[in-house]
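Because the structure is a prediction, the values reported are computed rather than measured. Numbered from 1 within each chain, the chains take letters A, B, ... in sequence-line order.
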2 protein chains.
Amino acid sequence: MELRQLEVFVAVAEEMSITRSAKRHNVVQSAISATLRKLERQLGAELVARTTHKVELTDAGRLFLPEARRTLAAAAEARHVLEQLRGGLRGTLRLGVMLYDGVLAVSPPA
Amino acid sequence: MELRQLEVFVAVAEEMSITRSAKRHNVVQSAISATLRKLERQLGAELVARTTHKVELTDAGRLFLPEARRTLAAAAEARHVLEQLRGGLRGTLRLGVMLYDGVLAVSPPA
DNA sequence: AAATCTTACGGGTGACGTAACGATC
DNA sequence: GATCGTTACGTCACCCGTAAGATTT
């Protein structure tokens, strides 16, 4: 299971369409179809019910969807903290107190 | 960014060693080294400081580690709910009330 | 007939193992 | 000298695009 596969599944679940999610991912239908099938095979569960012209979530799919979203959100947050650090907005803040001229007491690291 | 990369990073962070995390992943050192470098390049941040014989987390690495763990935990939970469903332990529970003989009032789906 | 999903095939990218090198303990 | 991390290279699987086919509207 990889994040890319989860993105594909969530897109399909939201669009209820392989064609539309393919456009959303800027790839071709067949790529989405294959990625989704592989994910299902790896998980050992059918997430989407196919009817040659429509796509519906199975019970497993409905159960899996919020978990997939949660995982993607966590991944996004992981990227985010690094961006914040990049911008100097985050890091380890250590405070100090000037005891008297030239002597600074500093909080221990981490 | 993919889950596999996060697993590698967390393993390296926990073991503080590329060699040991390689054994943990049942792959070779060079594979871990390459995977980690690629992750860092993609994120645009150095996560571990290398000193040819040691490995240390950078500030970015320390910041990233709990987020990576959170993401992996979410992924594990996603797999877990499917396993539970597989075992018949979860699903959508719908309740009904027998109004009178042969007439059952059932809660609406989802 | 148009739209949608699937399968088959070829090409490029990524991951891994082997091997050789450099640096540190 | 042994250990640890890196680099170079060949191989194999995976992802994607193209193309053709099947089914539904």
Return the value, rounded to whole Å, for the distance between atom [atom1] of [X] and atom [atom2] of [N].
| X | N | atom1 | atom2 | answer |
| --- | --- | --- | --- | --- |
| B/Lys38 | D/dT6 | NZ | P | 17 Å |
| A/His25 | D/dG17 | NE2 | C1' | 17 Å |
| A/Lys23 | C/dT4 | NZ | C1' | 11 Å |
| A/Arg50 | C/dT7 | CZ | C1' | 13 Å |
| B/Leu36 | C/dG14 | CG | C1' | 16 Å |
| A/Glu15 | C/dC5 | CD | C1' | 16 Å |
| A/Met16 | C/dT4 | CE | P | 14 Å |
| A/Ile32 | D/dG17 | CD1 | C1' | 13 Å |

Worksheet item: Charged N to carboxylate O below 4.0 Å: is that the case for B/Glu40 and B/Arg37?
Response: no

At what distance, to the nearest 0.5 angstrom, does [atom1] of [X] lie from [atom2] of [Y]?
| X | Y | atom1 | atom2 | value |
| --- | --- | --- | --- | --- |
| B/Leu63 | B/Leu47 | CG | CG | 10.0 Å |
| A/Leu85 | A/His80 | CG | NE2 | 12.0 Å |
| B/Gln42 | A/Arg79 | CD | CZ | 9.5 Å |

Fill in: Trace of the salt bridge (Lys or Arg N to Asp or Glu O under 4.0 Å) decision for A/Arg24 with A/Glu14
CA-CA 11 Å; A/Arg24 178 162 146 186; A/Glu14 289 179 351; 2.9 Å; yes

[X] side-chain N/O to [N] phosphate OP1/OP2 under 4.0 Å:
| X | N | value |
| --- | --- | --- |
| B/Lys54 | C/dC25 | no |
| B/Arg4 | C/dC16 | yes |
| B/Arg20 | D/dC4 | no |

Item to complete: Would you please test A/Val48 and A/Glu56 for side-chain contact (heavy atoms from CB on, under 4.5 Å) and show each step?
Response: CA-CA 6 Å; A/Val48 168; A/Glu56 273 190 338; over 6 Å; no

Worksheet item: Can you list the steps and then say if A/Thr19 with A/Gln29 is a side chain to side chain donor-acceptor pair (under 3.5 Å)?
Response: CA-CA 5 Å; A/Thr19 300; A/Gln29 300 173 348; 3.1 Å; yes

Please write out the pairs of protein N or O atoms and N or O atoms of nucleotides 17-19 of chain C separated by less than 3.5 Å, giving the distance to one decimal.
from, atom 1, to, atom 2, distance (Å)
C/dG17, OP2, B/Val28, N, 2.9
C/dT18, O4, B/Ser30, OG, 3.2

Distances under 3.5 Å only, N/O to N/O: pair up the protein atoms with those of nucleotides 22-25 of chain D.
from, atom 1, to, atom 2, distance (Å)
D/dT24, O2, A/His53, NE2, 3.3

Discussion item. For A/Thr58 and A/Glu46: C-alpha separation, side-chain torsions, deciding distance, then whether side chain to side chain donor-acceptor pair (under 3.5 Å) applies.
Written reply: CA-CA 7 Å; A/Thr58 61; A/Glu46 193 181 45; 5.7 Å; no

Discussion item. I need the minimum non-hydrogen distance between B/Ala60 and A/Leu82, along with the two atoms involved.
Written reply: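 Result for this residue pair: O-CD2, 3.8 Å.
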
Response to the item:
Taking D/dC16, D/dC4, D/dT7 as options, the one with an atom nearest any side-chain atom of A/Thr35 is D/dC16

